[in-house]
Amino acid sequence: MRPIQNWSRRIRFGLLNRFVLRPTTDPIDYRPQVRCRVSLLEHDGSDSVESTSHAWIESFVHRVGSTSANGSSNEIADNGSLDDWREIPPPNDLVLKFPGTGGRAERSTPFPMQTKVPISESAEVWTWNPPGYGSSPGEATLKNLSGAAATWSEKVLAARTQSSTEAKPTRIWLSGNSLGCLPAMHVASALMDAYPSAVLWVRNPPDLRRVILNISARYRATTAMQHVSAVLPKDVDAVDLANRCRIPAVFLMSEKDALVLPEYQKAIHSAYSGPSLVVELSGLSHDDVLEEEHRPAINNALDWAIRRSQRPT
């Protein structure tokens with residue numbers, strides 16, 4: 001029976017990936033960002049040899065404010081590796097950003113960093129294309145989503161955070177949108193002890209099982225999808241992740257979200273173990289862009305997160 005059970009599980013997992021993930025690989029103009037390859041291998045020296053391994057992540061970087069923590073100009077080559085960044089002074093604020101299921105890092109904005117009124121002298125926003133998205137090699141699957149996110153985050157953090165005991169440590173922001181909230185929360189739960197100044201900043205985090213069953217009910221496929229959703233990995237369980245996170249968190253919730261219903265999101269907010277602030281985005285659906293009317297609430301949330309950060313002043 002075991003071979004049959006394993007085959008059934010593989011089929012259900014394949015259906016789950018098809019239902020949830022929307023990977024694309026078409027070229028997208030990413031300017032003014034800088035493209036960088038981040039190796040997932042143990043030895044960082046492999047960063048510069050793209051052809052020798054598929055274990056790397058395509059990343060795109062916004063630089064906000066002065067180009068370095070000490071105010072000097074530091075140019076960085078496009079299409080380089082993480083090694084190219086190691087000699088550049090780390091920023092005051094570092095954002096690791098995880099797009100949603102149909103998102104691409106090429107389209108990433110500096111948000112939540114502010115370009116007109118920066119919150120610090122320098123900031124970098126690193127956005128990943130998970131495996132199977134953009135030029136990142138590998139298969140797009142929920143099975144390795146959180147694991148790849150944790151490894152990518154560890155690599156970027158090791159290269160781009162301030163390690164000197166005499167300097168102010170880099171404040172870290174883990175930012176996710178929709179499905180991207182789940183790897184962001186996984187990283188938050190795994191790395192919060194090593195980086196106590198981290199802040200979680202997420203919009204519309206999904207309880208995947210409830211979302212899947214709600215959508216399948218529209219097509220009278222609830223019974224079938226109950227079997228499929230039963231194979232969801234634990235590291236994409238939003239409620240469980242919320243229970244394991246203790247760093248300060250800002251939850252942005254679209255008031256009229258018809259995909260990840262507000263009631264689903266509120267259950268995740270309630271399960272969160274650390275200090276949190278919920279910001280309701282009035283009038284917005286799941287994918288709507290923030291309007292000027294939301295700026296005061298966003299600025300208030302940024303101030304709250306900065307105060308809650310454990311970074312010494």
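Annotation: side chain of Ile298 is in contact with side chain of Phe111 (closest heavy-atom distance under 4.5 Å). At a threshold of 4.5 Å between non-hydrogen side-chain atoms, the residues Arg104 and Pro99 do not count as touching. Residues Gln33 and Val61 have side chains not in contact (no heavy-atom distance under 4.5 Å, counting atoms from C-beta outward). The shortest side-chain heavy-atom distance between Pro275 and Pro248 falls under the 4.5 Å cut-off. Residues Leu21 and Leu179 have side chains in contact (heavy-atom distance under 4.5 Å, counting atoms from C-beta outward). By the 4.5 Å heavy-atom criterion applied to side chains, Leu145 and Leu182 are not counted as neighbours. Inter-residue side-chain proximity for Pro118 and Met113 is flagged as unmet; no heavy-atom pair is nearer than 4.5 Å. Using a 4.5 Å heavy-atom cutoff, the side chains of Val228 and Ile212 are not in contact.
Ionic pairing of Arg295 and Glu292 is present here: one or more N-O contacts between side-chain nitrogen and carboxylate oxygen are shorter than 4.0 angstrom. For Lys256 and Asp288, the salt-bridge test fails: no basic side-chain N is under 4.0 Å from an acidic carboxylate O. For the pair Arg35 and Glu106, the salt-bridge criterion is not met [side-chain N within less than 4.0 Å of a carboxylate O]. Checked for salt-bridge contact, Glu58 and Arg37 miss the test: no charged N lies under 4.0 Å from a carboxylate O.
The hydrophobic cluster containing Val95 does not contain Phe60, counting ILVMFWY residues as joined when their side-chain heavy atoms lie under 4.5 angstrom apart, directly or transitively. Under a hydrophobic-cluster definition in which Ile, Leu, Val, Met, Phe, Trp and Tyr are linked whenever side-chain heavy atoms come within less than 4.5 Å, directly or via other members, Leu191 and Leu241 are assigned to the same cluster.
In this structure, a donor-acceptor pair under 3.5 Å is present between the side chains of Thr127 and Ser108. Judged purely by distance below 3.5 Å, without hydrogens or angles, the side chains of Tyr30 and Asp78 pair a donor atom with an acceptor atom. Side-chain contact annotation: Trp152 with Glu154, donor-acceptor N/O pair under 3.5 Å absent. With no hydrogens or angles considered, a side-chain donor-acceptor pair links Ser254 and Arg203 at under 3.5 Å. Ser178 and His286 form a side-chain donor-acceptor contact under 3.5 Å, judged by distance and modelled atom types alone.
Listed for the Gln114 side chain is a donor-acceptor partner under 3.5 Å among the backbone atoms of Pro112. Put simply, the side chain of Ser122 gets close to the backbone of Asn92: a donor and an acceptor are under 3.5 Å apart.
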For ring pair (Phe, Tyr, Trp, His ring centres under 6.0 Å), just list the numbers for Trp173 and Trp126, CA-CA rounded to whole Å, side-chain angles, deciding distance to a tenth of an Å, and then say yes or no. CA-CA 10 Å; Trp173 303 73; Trp126 288 68; over 10 Å; no
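In the displayed structure, Arg18 atom CZ is contacted under 6.0 Å by at most 12 heavy atoms of other residues, nucleotides or ligands.
Atom OG of Ser59 sits about 8.0 Å away from atom CG of Leu82, to the nearest 0.5 Å. Taken from SG in Cys181 to CH2 in Trp201, the straight-line distance is 12.5 Å, to the nearest 0.5 Å.
The minimum heavy-atom distance linking Pro137 with Trp56 is given by the pair CD-O, 3.4 Å.
For the side-chain hydrogen bond (donor to acceptor under 3.5 Å, both in side chains) condition, the pairs that include at least one residue of residues 215-241, sequence neighbours left out, are Arg209-Ser229, Asp240-Arg244.
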